[in-house]
Amino acid sequence: MNQQPDKAMSAGARIGSGALGHLRPFLAFLRQRLSLLLVWPALALAAAIVLWGYVLFDLEHERIDRQAELEQQVDAYARSYVIRTRRSIGDTDRLLLLLRHQWASSGHRMDLAGTIETGIFSRQYIAAVALIDRFGGIVTSTHPQAVGMYVGDQAYFVEQQRAAGDKLYLSGPLDGRLSKREVIAFSRPLLAPDGQFEGVVLISVSPSFFTQHYAEPILREFGMVGLTRIDGAVVATRSGNAVHSFRAPFLRTAMPAEAAGVRRVGGQDWFADGRSRVLGWRSFPDLGLVGIVGVDEYSAMAPYREHRQSAIGGAWWNTAWIVLVTLLVTSFYVHAKWRRYQMEAIRSTYRLATEEAGEGFFINRPVRDAQGVVRDFEIADCNHFGADMFGKRPQELIGHRLSEFYQGELFDAACARLCQALDTGMYDRELEVHAGPDQLLRARWIRYKAVRAGGDLAVTIRDISESKAHLTELERRSNADELTGLPNRYWIQQFLPKAIERAQAAGQGLAVLFIDLDGFKTVNDALGHAAGDELLRTVGKRLKTAVRPRDHVVRLGGDEFVVVLEQTGGPADVEQVAGRVLGAFRDGFHLQRSTHVLNASIGISLFPEHGGDAETLLKHADIAMYSVKTEGKGQYRFFQSRFYEAIRTRLETEMEMRRALDQHQFVVHYQPRVDLSAGTASSMEALVRWERPGKELIGPDRFIPLAEETGLIVRLGEQVVDSVCRQLAHWARNGAVLVPVSVNVSPRQFSQCDILALFRDAIARHGIDPALLEIELTESSMMQEGIGESEVFGALRELGIKLCIDDFGTGYSSLSQLQRLRFDVLKIDRAFVLRIEHPEGDTLIASMIAMAHALGMRVVAEGVENQRQMQLLQTLGCDEGQGYFFSRPVPPGETQPVGRRAFQPAR
Ligand code: C2E
Ligand code: CA
Ligand code: CA
């Protein structure tokens with residue numbers, strides 16, 4: 001029960017580190033290309049600045065225009081207000097003149113009582129009308145009760161009395177004695193025919209008289225009009241519908257001295273309501289008045305403000321779009337660059353790996369015409385080895401087109417091959433290269449493999465001129481080996497039976513020496529086929545001189561030679577020749593300015609002891625040679641039937657394996673995989689062993705190949721998975737925090753059994769967490785039998801099982817496959833770790849690590865045997881290590897053998 005939290009914990013920790021593992025190379029990629037991240041935001045920022053600059057500039061312009069327009073309007077209003085008000089004043093003045101005239105013509109008999117009520121005077125504006133005698137007493141008035149009242153002290157009277165002449169007088173606001181209202185008085189003198197002052201005619205009006213020309217539709221609620229005297233006294237003001245009393249002055253500041261003008265003013269200093277207005281004013285100096293019109297700035301600018309609001313709103317929207325588009329473009333851009341980077345990482349890894357393996361590697365990019373039809377190919381990349389195969393240097397090929405090197409039929413054929421790979425995803429053939437003046441390729445037979453990767457083609461070319469199959473084809477035509485000039489396989493097939501006949505007839509012995517060069521493949525791979533050819537020719541010559549003139553040296557093919565000795569005088573005689581043959585290899589071979597040491601393994605069969613016919617003799621010599629190879633090399637050996645038995649043993653082993661499967665003799669040992677930065681086991685590999693009762697443990701290398709050949713691997717695989725799951729369940733019951741276990745799976749298992757069901761059932765049977773399982777599949781097997789196309793991987797991952805590429809670097813999986821299959825872990829083959837201290841060994845590992853990280857995989861180095869290797873791997877950024885340095889594979893105990901100690905990473 002209490003295992004649950006532990007399991008959950010370990011799974012959680014793993015997922016966490018996995019997600020980070022995916023992210024880390026991406027973050028490193030971004031850090032290196034910060035400018036990449038910033039290009040688009042910078043452009044967007046510039047666009048936003050331009051946008052906002054334009055919008056704000058435009059708005060400011062509009063505001064200025066609008067204000068100028070407003071000032072013009074206000075000026076026009078002021079003019080109109082002054083004209084109208086002057087006219088009203090003129091009308092009232094004429095009324096004064098009319099009254100005076102009537103007063104004179106009526107012989108000073110006039111009664112004004114009731115005239116307002118009867119509508120002679122405007123009831124709206126005129127508050128009172130009166131005639132006053134020269135002593136200041138009211139003679140007649142619209143207000144009869146005032147007749148006789150003394151007003152001689154009032155300014156409208158005093159001013160007229162003092163002035164000599166006929167002039168209109170206009171008072172400031174005052175409390176009307178007749179009307180008992182706030183009024184403004186108009187007065188003119190009454191004059192006798194001789195010009196003597198006889199009194200005053202008075203009309204008092206309410207302040208609204210001066211504000212009646214308030215243009216309501218224009219000035220609205222917060223506009224204002226007003227009239228002041230030049231001396232600064234306010235006659236009347238109105239804003240909206242309110243005509244203000246002089247007791248609560250609305251206008252608080254004296255008007256400027258200029259006769260006319262427009263100005264923006266505002267605040268409590270200017271107006272009782274504290275609003276800002278554009279004021280326009282004009283004076284009428286003859287009357288000593290100034291007319292004022294004020295437009296409320298806030299309301300007048302309302303359309304501008306609305307426009308400003310919508311323009312700024314629009315600008316924000318556009319900014320939001322810019323941000324969104326920038327985010328999208330940046331993410332697309334970064335994504336595309338990241339894909340390119342991944343592709344480049346993969347490419348450079350393969351360039352290096354194929355270089356090491358002696359393979360030509362090319363990236364060919366289709367060149368299309370306007371209709372999209374492929375017309376040519378550009379060489380986008382190639383390795384040194386590949387260029388060398390065409391007698392060129394990489395820089396002479398990269399960036400050039402196929403058509404620059406090949407024309408006519410050769411070009412058509414090459415294009416056709418590449419186009420086929422473009423269409424179907426893959427082209428993989430062995431091709432015979434026809435020699436000709438236009439042919440640049442220096443091999444006779446090649447294995448030509450093109451794999452579609454993105455829109456490009458990854459092409460690997462391996463020189464297989466040496467391989468037996470093709471030499472067979474070439475040499476069938478003659479009995480002589482083209483390369484060495486020695487007799488060949490067909491020659492010996494005809495010769496040996498006749499030689500045996502002769503020996504039999506003469507009662508003499510005959511010997512067949514089967515010679516195979518040790519390590520020829522290495523030289524050939526490392527130095528190229530030309531050096532290999534040269535080596536074979538030298539070997540042929542040395543063999544010729546080592547044997548006696550009457551003996552026959554034959555080249556069977558590849559690095560296999562046969563020497564036939566006739567008329568032998570017994571084994572000692574043969575041994576002497578065999579010794580001389582071995583001696584021929586004692587001196588090194590000079591190839592490309594360096595010396596290479598090469599040995600030979602020799603198997604010998606004698607007539608009549610080891611066979612009575614050519615086929616048997618050759619076969620037995622071959623078997624004897626094979627036993628030398630497996631048990632020492634660089635020696636000779638006579639055939640013994642026990643060698644032959646080795647083959648029989650194979651059959652027996654198969655039988656035994658069947659029995660062992662029935663009796664469950666296969667056990668699983670566990671070897672930890674260590675996190676190189678944490679120093680603790682992060683996973684372990686399940687490695688099967690055969691435990692025969694009473695006999696020593698047999699390692700998988702001795703039975704897996706056979707199990708694969710015979711199909712027994714399916715049952716074996718089932719038992720391993722079952723055993724691992726049972727073991728995990730057992731450990732879980734013991735309460736330990738578990739690390740996942742990886743199980744090796746053969747390609748055969750994919751084609752011959754339902755891997756998904758195998759794992760699903762075992763997980764269910766033992767009730768374990770699928771996240772505790774990983775599958776290891778070798779890189780080379782991925783390429784076989786369409787396993788790479790299998791949908792099983794997706795299903796396994798969905799179950800929660802992680803996938804590891806095993807023995808990476810030996811299989812040349814296609815670029816697109818590596819990208820598509822989304823493996824979680826990449827295990828670098830032991831061979832590369834072995835070479836890590838050699839020159840360039842670390843470059844290769846570093847590029848594998850870079851590539852894996854670019855693809856989001858964790859990297860495990862296999863076969864770490866000493867501290868030095870571990871330290872180098874650490875500095876190269878390798879995530880995990882596995883090998884004898886940490887722990888050998890060990891049998892399972894009561895708890896998971898996560899290692900006896902924390903593996904202290906060296907600092
Ligand atoms: P492999 O998957 O490459 O497994 C690693 C092999 O390297 C193991 O050999 C391991 O013991 C060995 N090894 C680990 N560390 C070191 C080291 O530091 N130095 C050296 N020299 N060797 C080290 P093993 O156990 O003999 O297994 C050999 C191969 O057999 C495995 O290679 C794997 O391909 C196959 N195999 C093992 N178990 C199974 C299985 O259950 N199913 C299948 N299909 N194949 C298996
Ligand atoms: Ca493995
Ligand atoms: Ca391995």
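Just so you know, ligand 1 is whichever comes first in the structure, and atom 1 is the first atom listed for that ligand. The analysis underlying the following values was restricted to heavy atoms, covering all of them including side chains, and did not include hydrogens, waters or symmetry mates. Computed from a prediction, not measured in an experiment: that's the story for all the values here. Starting from 1, each residue takes its place in the sequence as its number.
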Which of the numbered atoms in ligand 1 are under 4.0 angstrom from any heavy atom belonging to [X]?
X: Asp806; result: 2 (O)
X: Ile704; result: 43 (C), 45 (N), 46 (C)
X: Gly863; result: 16 (C), 17 (C), 18 (O)
X: Gln671; result: 10 (C), 14 (C), 15 (N)
X: Glu865; result: 17 (C), 18 (O), 19 (N), 20 (C), 21 (N)
X: Asp807; result: 3 (O)

Minimum-distance protein heavy atom relative to [atom]:
atom: atom 11 (O) of ligand 1; answer: Pro889 CG, 3.4 Å
atom: atom 29 (C) of ligand 1; answer: Asp701 OD1, 3.5 Å
atom: atom 18 (O) of ligand 1; answer: Tyr884 N, 2.7 Å

Side chain, backbone, both or neither: which applies to [X] and ligand 1 if a contact is any heavy-atom pair less than 4.0 Å apart?
X: Thr778; value: neither
X: Glu685; value: side chain
X: Val864; value: backbone
X: Ser746; value: both
X: Glu862; value: side chain

Determine, step by step, whether Asn383 and Phe362 satisfy the side-chain contact (heavy atoms from CB on, under 4.5 Å) criterion, reporting the C-alpha distance in whole Å, the side-chain angles of both residues, the deciding distance to 0.1 Å, and the verdict.
CA-CA 7 Å; Asn383 65 1; Phe362 301 85; 5.6 Å; no

Candidates Arg888, Lys827, Arg673 - the one meeting salt bridge (Lys or Arg N to Asp or Glu O under 4.0 Å) with Glu685
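Exactly one option meets the salt bridge (Lys or Arg N to Asp or Glu O under 4.0 Å) with Glu685, and it is Lys827.
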
Decide if the gap between the ring center of Phe589 and the ring center of Phe520 is smaller than 6.0 angstrom.
no

Less than 6.0 angstrom separating the ring centers of Phe832 and Phe808, yes or no?
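Here the rings of Phe808 and Phe832 have centres that are no less than 6.0 Å from each other.
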
side-chain contact (heavy atoms from CB on, under 4.5 Å) between Leu872 and Glu837, worked out
CA-CA 8 Å; Leu872 279 169; Glu837 288 173 79; 3.6 Å; yes

Check Leu756, Ile775, Leu777 against Phe793 for a side-chain contact (heavy atoms from CB on, under 4.5 Å) and give me the one that passes.
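Only one of Leu756, Ile775, Leu777 forms a side-chain contact (heavy atoms from CB on, under 4.5 Å) with Phe793, namely Leu777.
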
Tell me the closest heavy-atom pair linking [X] and [Y], and the distance in Å.
X: Gly603; Y: Ala624; answer: CA-CB, 3.6 Å
X: Pro892; Y: Trp731; answer: CB-CZ2, 3.6 Å
X: Leu876; Y: Ile836; answer: CD1-CD1, 4.2 Å

Is at least one protein non-hydrogen atom found at under 4.0 angstrom from atom 9 (O) of ligand 1?
no

Please report whether atom 3 (O) of ligand 1 has a protein non-hydrogen atom at a separation of less than 4.0 Å.
yes

Once rounded to 10 degrees, what value does the angle at the Ca ion (ligand 2) take between OE2 (Glu685) and OD1 (Asn744)?
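Glu685 OE2 and Asn744 OD1 form an angle of 90° at the Ca ion (ligand 2).
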
Run the side-chain contact (heavy atoms from CB on, under 4.5 Å) check on Leu826 and Arg858 step by step: do they pass?
CA-CA 6 Å; Leu826 180 140; Arg858 274 181 86 70; over 6 Å; no

Taking the N/O/S atoms of Glu776 one by one, which is nearest to the Ca ion (ligand 2)?
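Nearest N/O/S atom: OE1.
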
Given [options], which has its nearest heavy atom closest to [atom]?
atom: atom 7 (O) of ligand 1; options: Arg888, Arg830, His669; answer: Arg830
atom: atom 30 (O) of ligand 1; options: Pro747, Ser723, Pro700, Gly717; answer: Pro700
atom: atom 33 (C) of ligand 1; options: Val833, Asn744, Val745, Leu834; answer: Asn744
atom: atom 31 (C) of ligand 1; options: Val720, Leu687, Asn866; answer: Leu687

How are the rings of Phe29 and Tyr341 set to each other: parallel, tilted or perpendicular (split at 30° and 60°)?
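Rings of Phe29 and Tyr341: tilted, as their planes differ by 30° to 60°.
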
Parallel, tilted or perpendicular, as decided by the 30° and 60° cut-offs, for the rings of Tyr448 and Tyr427:
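Answer is perpendicular, since the angle exceeds 60°.
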
Regarding Arg692 and the six-membered ring of Trp690, is the cationic atom NZ or CZ under 6.0 Å from the ring centre and inside 45° of its axis?
yes

Salt-bridge criterion met for Arg658 and Asp662 (N-O under 4.0 Å)
no

Judged by non-hydrogen atoms, does Arg689 sit under 4.0 Å from ligand 1?
yes

Would you say the Ca ion (ligand 3) has Glu862 as a near neighbour, meaning an N/O/S atom of that residue under 3.0 Å away?
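Checking Glu862: at least one N, O or S atom is under 3.0 Å.
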
Write the atom name of the N, O or S atom in Asp806 that is nearest the Ca ion (ligand 3).
OD1

Kindly give the atom name of the N, O or S atom of Asp807 closest to the Ca ion (ligand 3).
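This turns out to be OD1.
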
So, is Val688 polar-close to ligand 1, with some N/O to N/O distance under 3.5 Å?
yes

Neighbour count above 12 (heavy atom, 6.0 Å) for Glu696 CD
no

More than 12 heavy atoms of other residues, nucleotides or ligands under 6.0 Å from CD of Glu691: is that the case?
no

